[in-house]
Amino acid sequence: MSRVLLVAVLFIGTLITGQQGPYYQQFAKYAMDIDVDAANFTYNGRQTITYTNNSPDELKEVYFHLYWNAFKPGSMMDQRTQSLGKNGDSRLQKGGVSTLASIPKNEEGAQNIHWIRQNGKNLKFEVQETIMKVTLDTPVKPNSTTVFTMEWDAVIPMQIRRAGRNNREGIDMTMTQWYPKLAEYDYDGWATFDYIGREFHAPFADFDVNIKIDRDYVIGTGGTLLNPTEVKGYSPSASVKAGADNKATWRWNAKNMLDFAWAADRDYTVETFTVLDGPKIYYVYQKSEKTKLWEDSKPYVEKFFQLMNSSVGRYTYPSYSFVQGGDGGMEYGMVTMMLGEARTLEDLVGLMVHEGGHSWNQQILAYNESVRPWMDEGFTSYYDSRIMHQLFPPEKPEPNPFLGSLNNYRNFVKRGIEEPAVWLGDHHENGTAYSFATYVKGELFLVQLGYIMGEDKLNAVMKEFYNQWKLKHPTDRDFMHIAQKVSGMDLKWFQHYWINTTKTIDYAVKEVKHDGNSTTVTLENKGGVPMPIDFSVLTKDNKVVNYQIPLNMTHTWKSKDIYGSFTTLRYWPWTQKEYTFTVPYSKAQIAALGIDFSQRLADINPEDNFVEVK
């Protein structure tokens with residue numbers, strides 16, 4: 001083989017075998033004109049989409065999401081809810097009976113496509129419930145741009161899940177997943193998962209959105225309002241500019257986001273404040289006795305953004321809005337739709353912290369949540385626990401911020417219904433199992449990595465991951481590449497055990513023998529997931545002496561941790577069930593000894609990890 005040919009083959013091989021194959025990002029620009037009939041909860045829409053194909057593939061069709069088509073009796077969302085019964089999402093069923101099955105005909109969701117054109121030519125399209133397949137007149141070649149125009153009308157559905165009319169706190173319209181949205185295309189092909197109830201994926205896009213609605217309405221959204229003096233609520237000098245139809249037009253702009261969501265109500269109040277070295281914050285809510293805690297939450301939200309900026313990386317957008325609307329809380333581009341009538345300040349701030357935290361994960365890092373929900377929900381929950389621990393310190397000191405999640409996980413495992421986190425989001429058989437696989441095990445994935453490599457190394461991993469992959473679409477493989485590079489450890493085994501299986505960690509102190517001036521300890525691995533072990537001795541004079549027993553599969557050992565210095569012992573082969581070692585302390589010197597004084601290890605039976613010496 002010639003040298004030139006060899007170099008060419010190696011170069012092509014590098015493209016094919018890189019992180020996700022040759023990396024690229026699709027991009028879209030939406031220009032929308034929306035006319036809302038508020039009295040009848042319908043709207044007419046027209047949009048122009050400029051779509052850039054940055055992939056190496058020629059595209060002969062494109063796909064759109066039509067999410068609102070799910071909100072009607074007999075839909076796939078309804079069928080799945082009925083089949084899961086009481087195990088399904090509690091927001092979609094009551095007592096095992098699907099709430100979608102009883103939606104009145106006039107409140108069924110609908111997105112009715114009138115026509116779609118490519119560069120002015122009509123296209124054939126097929127609506128497959130919440131997915132629309134469009135056959136192109138002219139294939140979109142690699143590194144080229146095409147223009148789609150389309151017209152549709154929509155019926156705003158009964159508010160059951162995220163979107164809809166007249167939610168339980170009296171918000172008129174929560175407009176999420178509300179327009180025909182281009183599906184993402186990447187190395188794995190088109191992301192065309194049906195809307196069954198879980199979350200979303202999309203290409204990054206710019207949005208120019210004009211919303212025409214009755215002049216008495218106030219709109220809350222994520223984006224920049226271009227005409228605040230012509231609409232209600234955003235400027236003290238505003239003079240509402242309405243036409244003969246008594247409607248005002250709101251002009252919004254947003255750059256490089258995954259989605260555009262909004263809510264509208266006649267009783268909204270708009271309040272703003274600016275985070276020091278951070279974004280401008282908008283509160284859009286019904287101000288009343290029931291929402292009085294929103295005022296008290298402002299310094300906590302400011303501190304939250306500052307903590308996330310310093311611990312993960314800077315928030316990249318100019319503003320963020322918390323809007324009262326939706327069922328619980330759901331994050332979108334620069335906005336959270338959330339219920340606002342919280343019982344306590346900590347509950348309200350907790351919801352804001354979690355949903356706002358998604359901005360760094362769901363929006364800026366932009367994982368495919370249909371495939372890997374544990375990355376978005378889990379990584380967000382990890383910072384949720386850390387920051388809430390700082391904002392609302394526990395009354396009694398705790399060894400780490402994750403005790404609640406660890407104990408919840410242990411209790412859940414005993415129920416015997418756990419499902420692997422690797423499963424697709426909408427394909428779990430039990431709603432609680434989905435929540436634990438996604439939120440809790442996703443969070444504990446990072447907690448365990450901090451235990452394995454040390455907290456400082458984990459912090460460095462998270463910052464490097466954010467810096468390399470912000471405003472892109474990383475996968476778990478991209479995260480693991482950085483985690484292994486920064487830590488110097490082989491960590492593939494851990495991801496396999498923790499994400500792909502339901503095996504558990506279970507270590508124990510099997511035997512303690514005292515012999516003169518030393519003590520010999522035998523540990524036992526009773527579980528299915530091997531781990532390195534932190535072991536400590538508490539002396540009678542209240543000193544803690546730490547030891548680290550590496551796991552052979554990491555090949556590089558933890559060098560330091562925030563929980564104190566330690567002595568590294570010989571490694572423990574993962575195939576070996578027991579491990580014996582000796583510490584230079586007599587029985588008279590020891591008060592207690594055990595595994596993981598920091599209490600980070602997700603051991604399902606921690607009761608046998610400690611021995612009190614009497």
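Source: prediction; values computed, not measured. Along the sequence shown, residues are numbered consecutively beginning with 1.
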According to the interplanar angle, ranging from 0 to 90°, do the rings of [X] and [Y] count as parallel (below 30°), tilted (30 to 60°) or perpendicular (above 60°)?
{"X": "F494", "Y": "F445", "answer": "parallel"}
{"X": "W360", "Y": "F304", "answer": "perpendicular"}
{"X": "H65", "Y": "Y67", "answer": "parallel"}

Taking NZ, NE, NH1 and NH2 as the nitrogens, is one of them in D89 or R198 under 4.0 Å from a carboxylate oxygen of the other?
->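 Here D89 pairs with R198 in a salt bridge, since their nearest N and O are under 4.0 Å apart.
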Would you say the side-chain atoms of [X] and [Y] include a donor-acceptor pair closer than 3.5 Å?
{"X": "D376", "Y": "H358", "value": "yes"}
{"X": "S370", "Y": "H201", "value": "no"}
{"X": "D347", "Y": "T344", "value": "yes"}
{"X": "Y367", "Y": "E199", "value": "no"}

For the aromatic rings, using the six-membered ring if either is Trp, is the centroid distance between [X] and [Y] under 6.0 Å?
{"X": "F402", "Y": "Y382", "value": "yes"}
{"X": "F597", "Y": "F535", "value": "no"}
{"X": "F412", "Y": "F436", "value": "yes"}
{"X": "Y23", "Y": "Y187", "value": "no"}
{"X": "F465", "Y": "F479", "value": "yes"}
{"X": "F193", "Y": "F200", "value": "no"}
{"X": "Y315", "Y": "F305", "value": "yes"}

Polar side-chain atom of E455 near backbone of D561 as donor-acceptor pair, under 3.5 Å |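 Here the side-chain-to-backbone pair does not exist.
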Derivation of the ring-ring contact (aromatic ring centres under 6.0 Å, His included) call for H514 and Y585 = CA-CA 9 Å; H514 304 284; Y585 295 93; over 10 Å; no
Crowding at NZ, K587 (>12 non-hydrogen neighbours, <6.0 Å) =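 No, NZ of K587 has 12 or fewer neighbouring heavy atoms, counting only those of other groups under 6.0 Å.
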More than 12 heavy atoms of other groups within 6.0 Å of E612 CD |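 Result for CD/E612: open.
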List the steps, then state whether salt bridge (charged side-chain N to carboxylate O under 4.0 Å, His left out) holds for D327 with R161.
-> CA-CA 6 Å; D327 63 334; R161 188 72 177 99; 3.1 Å; yes
Kindly state each residue pair satisfying side chain to side chain donor-acceptor pair (under 3.5 Å) with at least one member in residues 565-577, sequence neighbours excluded.
->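 Checked against side chain to side chain donor-acceptor pair (under 3.5 Å) - neighbours excluded - the pairs reaching residues 565-577 are Q548-T568.
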With sequence neighbours excluded, give me every side chain to side chain donor-acceptor pair (under 3.5 Å) pair touching residues 302-312.
->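 Not a single pair qualifies under side chain to side chain donor-acceptor pair (under 3.5 Å).
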Are F204 and L471 side-chain neighbours, meaning at least one heavy-atom pair lies under 4.5 Å?
->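 A side-chain contact exists here, since the closest heavy-atom pair is under 4.5 Å.
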Is there side-chain contact between Y409 and L444, with at least one heavy-atom pair below 4.5 Å?
->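 Counting from C-beta outward, Y409 and L444 do come under 4.5 Å.
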Just checking, K441 and W374: is the charged tip under 6.0 Å from the six-membered ring centre and within 45° of the axis?
->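 Not flagged: K441 not positioned over aromatic ring of W374.
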Check whether NZ of the Lys or CZ of the Arg K558 lies under 6.0 Å from the centre of the six-membered ring of Y451 and within 45 degrees of that ring's axis.
->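 Ring-cation test returns yes.
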Can D515 and K513 be said to form a salt bridge (charged side-chain N to carboxylate O under 4.0 Å, His left out), step by step?
-> CA-CA 6 Å; D515 182 17; K513 290 184 177 180; over 6 Å; no
